[in-house]
Amino acid sequence: MEKKDIDWSNLGFGYIKTDKRYVSNFKDGAWDEGVLTDDDKVVISECAGVLQYAQTVFEGLKAYTTEKGNIVVFRPDLNAERLEQSALRLEMPAFPRDRFVDAIVETVKANDGFVPPYGTGATLYIRPYMFGSNPVIGVKPADEYQFRVFCTPVGPYFKGGAKPITIRVSDFDRAAPHGTGNIKAGLNYAMSLHAIVTAHKEGFDENMYLDPQTRTKVEETGGANFIFVTKDGTLVTPKSDSILPSITRRSLVYVAKEYLGLKVEEREVFFDEMKDMAECGLCGTAAVISPVGKIVDHGKEICLPSGMADMGPVTRKLYDTLTGIQMGRIEAPEGWIKVIE
Ligand SMILES: *Cc1c(COP(=O)(O)O)cnc(C)c1O
């Protein structure tokens, strides 16, 4: 398909309707064969499970054009696996993993005119999701579900360079021990909105959530995992049952060990350690890594030595290596890049 007439470099992170989306329905205990459709509207009962009791889970990944001109996606098998984990935790049926990857491929192919060209910094954001669609009024799981995949072109996350951000320690908690913090569900985002809106009002870019039980350990932000670099160059990342297993973070850990030869520690990370860190970053599909320059704990400022002007040197290497792998400039580990066309 010919490329759409879009000013790729000036796109923001918003929804733009593309030509096709994928839909499959689950009824009488089975998923139907699924179709691509032009219809961007979802019509469901006023009493649908998703509307009453928030029975919905989602994923997020990107397609982009590599240096050689291929359209690729990054590790979609891990999104398939994670959607399954999320669904099972909310008593929803699993969508078969191989069909998940096929649905991604079909949706991107059908919208290839919306995949931003190499070098623009823009990407095609892909949103697979699933929700309970039949009427549910007594509290129980729905019997019918819809799985959909749509995509939307998004602009470069960092316009004019990655400026470090300022985050605050949140007084609101994100996820209880043994709760749902480790799944990608709308419910975790609904409850984070008040915390992020108030953070923005007070001049902070993001919230740092601590573990609710002791408020001494670092968990994650509303939508990204943490990585830290110690003063002796070790990559440290929090390990907790209540953080979302970020695919970006898991990929960065591999890159740190196997490509950069760094020492990596995945362990409990105490807030008390923040003052001794050299670099801090937030990692997720949207930005890959956003550098953090300052952490504010109730008025007490912790300024990372990497400063407010640019990414720290180790963060920069991790960022350049992972984005190099994604864009086809650096050889990828086996199975990381799925070529679509
Ligand atoms: C999606 C998400 C992330 C990032 O995961 P990626 O797979 O790297 O995109 C981190 N934390 C939360 C809470 C998320 O929902």
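Start at 1 with the first residue, then count along the sequence. Below, all heavy atoms of this structure are taken into account, side chains as well, without hydrogens, waters or symmetry copies. In each ligand, atom 1 is the first atom listed, and ligand 1 is the first ligand listed. Note that this is a predicted model, so its numbers are computed, not measured.
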TODO: Just let me know how Arg75 lines up against ligand 1, side chain, backbone, both or neither, with a heavy-atom cut-off below 4.0 Å.
DONE: neither
Task: Leu244 contact mode with ligand 1 (heavy-atom cut-off under 4.0 Å) - done: side chain
Considering the heavy atoms of [X], write down every atom of ligand 1 situated less than 4.0 Å from one of them.
X      : answer
Asn225 : 10 (C), 11 (N)
Gly284 : 4 (C), 8 (O), 9 (O)
Arg82  : 5 (O), 6 (P), 7 (O)

Task: Shortest reach to atom 4 (C) of ligand 1 by a heavy atom, considering only Gly186, Ser246, Ser192, Ala175 - done: Ser246
Any chance the rings of [X] and [Y] have centres within less than 6.0 Å?
X      : Y      : answer
Phe228 : Phe226 : yes
Tyr64  : Phe74  : no
Tyr145 : Trp31  : no
Phe95  : Phe147 : yes

Examine ligand 1 and decide if any of its atoms is less than 4.0 Å from a heavy atom belonging to [X].
X      : answer
Gly222 : yes
Ala224 : yes
Arg250 : no

Task: Phe58-ligand 1 polar pair, N/O distance under 3.5 Å - done: no
Task: Partner of Thr152 by side chain to side chain contact (heavy atoms under 4.5 Å, CB included), out of Ile16, Leu124, Ile126 - done: Ile16
Got the closest protein heavy atom to [atom], with its distance?
atom                    : answer
atom 3 (C) of ligand 1  : Gly223 O, 3.3 Å
atom 9 (O) of ligand 1  : Thr285 OG1, 2.6 Å
atom 15 (O) of ligand 1 : Tyr189 OH, 2.4 Å
atom 1 (C) of ligand 1  : Lys184 NZ, 1.4 Å
atom 11 (N) of ligand 1 : Glu220 OE1, 2.6 Å

Task: Glu46 atom CD: more than 12 heavy-atom contacts under 6.0 Å - done: no
- [ ] Please determine, by modelled atom types, if Asn79 and Glu59 share a side-chain donor-acceptor pair under 3.5 angstrom.
- [x] yes
TODO: Give a yes-or-no answer on whether the side chains of Thr37 and Arg21 include a donor-acceptor pair shorter than 3.5 Å.
DONE: no
Open item on the list: Which residue is it: Asp112, Asn111, Asp19? I am looking for the one with a side-chain hydrogen bond (donor to acceptor under 3.5 Å, both in side chains) to Lys4.
Closed with: Asp19
